[in-house]
There are 2 protein chains.
Amino acid sequence: MAGGRKLEFDKQQALEAAMQVFWQKGYLGASLSDLTSSMGINKPSMYSTFGNKEKLFLQATEHYIENHGKIHVACLSLPDTPLRERLKKFLSSVISAQFESSNPKGCYVMLCMTEAASGDMPEQARDLIAEAAGLFPALLEELFQQDPEAISLALDKNAKSNALTLATLLNGTAALARGDYCQADLQPVIDNTLNGIGL
Amino acid sequence: MAGGRKLEFDKQQALEAAMQVFWQKGYLGASLSDLTSSMGINKPSMYSTFGNKEKLFLQATEHYIENHGKIHVACLSLPDTPLRERLKKFLSSVISAQFESSNPKGCYVMLCMTEAASGDMPEQARDLIAEAAGLFPALLEELFQQDPEAISLALDKNAKSNALTLATLLNGTAALARGDYCQADLQPVIDNTLNGIGL
DNA sequence: TTTCAATCTTACCGATCGGTACAAAATATT
DNA sequence: AATATTTTGTACCGATCGGTAAGATTGAAA
């Protein structure tokens, strides 16, 4: 039995760095050199700690979901807040993150989903991305089905298409964020879209 | 002076094949092996005919814009057709193309725009994609500014945000097309979005 | 202090990347 | 038929890809 040399890096910190690289370059576009240099470690350390590129990606994706995805959903259940305002806060929160200068532009999941359709991404990676892409639509649909205010506005009758309308908006802004657009132009787009589903 | 051996392939046909590969895999994801094998030629033939990978991409992108992009805009100037119906036909036409089974899913331009933000794409390629991404928003803004029916509905007062709302929709559906979504679910999303800008 | 397990660095593996040199094959002009 | 010109196929270039073997280095348990 025995101890052994200690890890010279923080695993979560390295995972965050890897996530940033995948967020900017996608799975296939992120090379091991990109990853390990951003993580501040060499390749063997990465392989012994995370397994391989695909397993690193799976863990980085989970890290993204937990730390950069789920934080926005709290807006949807703010107490004493009208439904429209909750949704607007949620959408604005997501879109602000898509444009945040301290992170790569756009949405990690949307980037990897578009990449996955190339057919060159490993199976487990593709599956996890597909699952992650379904989280917001499912949450929104559930909200439209169950929220009392939504029900009183009859939004539960079109819960699925209402949710998909907002999911489409977020994927659209994620694409625009990757281009030369600026966040300020998108505020009226949020309002227009909320108007469109009857809010 | 003299002739010489004839080209054994059709240049436009090869360009269409290259475009399909870029459409599926993006610029960086498309390897020369992918490209030349789909084009049915060898690498030296590609280099002598198109220059290099980037120049091939520029020509393939122009080919996409001319043959798969501009065809939709005719809907916007259909005679004796209400504005909402023209816009709905335009949006449906684009979205149908994004889901067409004979082509790669989604939108060539949107795919390459998300890829371009990685910073690993050559300059001219990035510039052309940025220019192409601005075509639909510019056309729509001009429509909202100049169409008599749009003016009578006061849609010209928010021409830019109205155009951006529809552009966001199309980028959003392009992202969803790359995932597991089906086109049928998107019809109400189009209606919702048109409702949202007051149509 | 010795021992041993874990992590580090360095150097390398075969495969593929974008791109090209070169000569055989094919067509036009003389 | 002879020759000049262009395209073709093959085989290769250095660089990078994802991944790893092996020994030097570190640190905890005995």
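Values below: all heavy atoms of this structure, side chains included; hydrogens, waters and symmetry mates excluded. Every chain is numbered from 1 and lettered A, B, ... according to where its sequence line falls, protein lines coming before strand lines.
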Expressed as a whole number of angstroms, how long is the span from [X]:[atom1] to [N]:[atom2]?
| X | N | atom1 | atom2 | result |
| --- | --- | --- | --- | --- |
| B/Y47 | D/dT8 | OH | P | 16 Å |
| A/M46 | C/dT7 | CE | C1' | 15 Å |
| B/D120 | D/dC17 | CG | C1' | 14 Å |
| A/F57 | D/dG19 | CZ | P | 14 Å |
| B/N42 | C/dA21 | CG | P | 17 Å |
| B/K55 | C/dG19 | NZ | C1' | 13 Å |

### Task
May I ask you to verify if any side-chain N or O of B/K43 is less than 4.0 angstrom from the OP1 or OP2 atom of C/dG19?
no

#### Entry: Side-chain N or O of B/S45 closer than 4.0 Å to phosphate OP1/OP2 of D/dT8
yes

### Task
Please determine, for the side chain of A/R5, which listed nucleotide (C/dG19, D/dT26, D/dT8) has the closest atom?
D/dT26

#### Entry: Candidates C/dG19, C/dT20, D/dT20 - which lies nearest the side chain of B/P44
C/dT20

### Query
So is B/K53 actually on top of B/Y27's ring, under 6.0 Å and inside 45° of the axis?
yes

### Summary
Tightest non-hydrogen contact, residues A/Q146 and A/I151, listed as O-CD1, 3.8 Å

### Message
Between B/E16 and B/Q12, is there a side-chain donor-acceptor contact under 3.5 Å, judged purely by atom types and distance?
### Response
no

### Gap between atom CG of A/L166 and atom CG of A/L91 - 0.5 Å precision
5.5 Å

### Message
Please list, in numerical order, the residues of residues 6-40 of chain B that have a heavy atom closer than 4.0 Å to any atom of DNA chain D.
### Response
B/K6, B/L7, B/E8, B/F9

### Summary
The side chain to side chain contact (heavy atoms under 4.5 Å, CB included) partners of B/Y64 (sequence neighbours excluded) come to B/M19, B/W23, B/H68, B/C107, B/Y108, B/V109

### Message
Does B/E149 have more than 12 heavy atoms from other residues, nucleotides or ligands lying within 6.0 Å of its CD?
### Response
yes

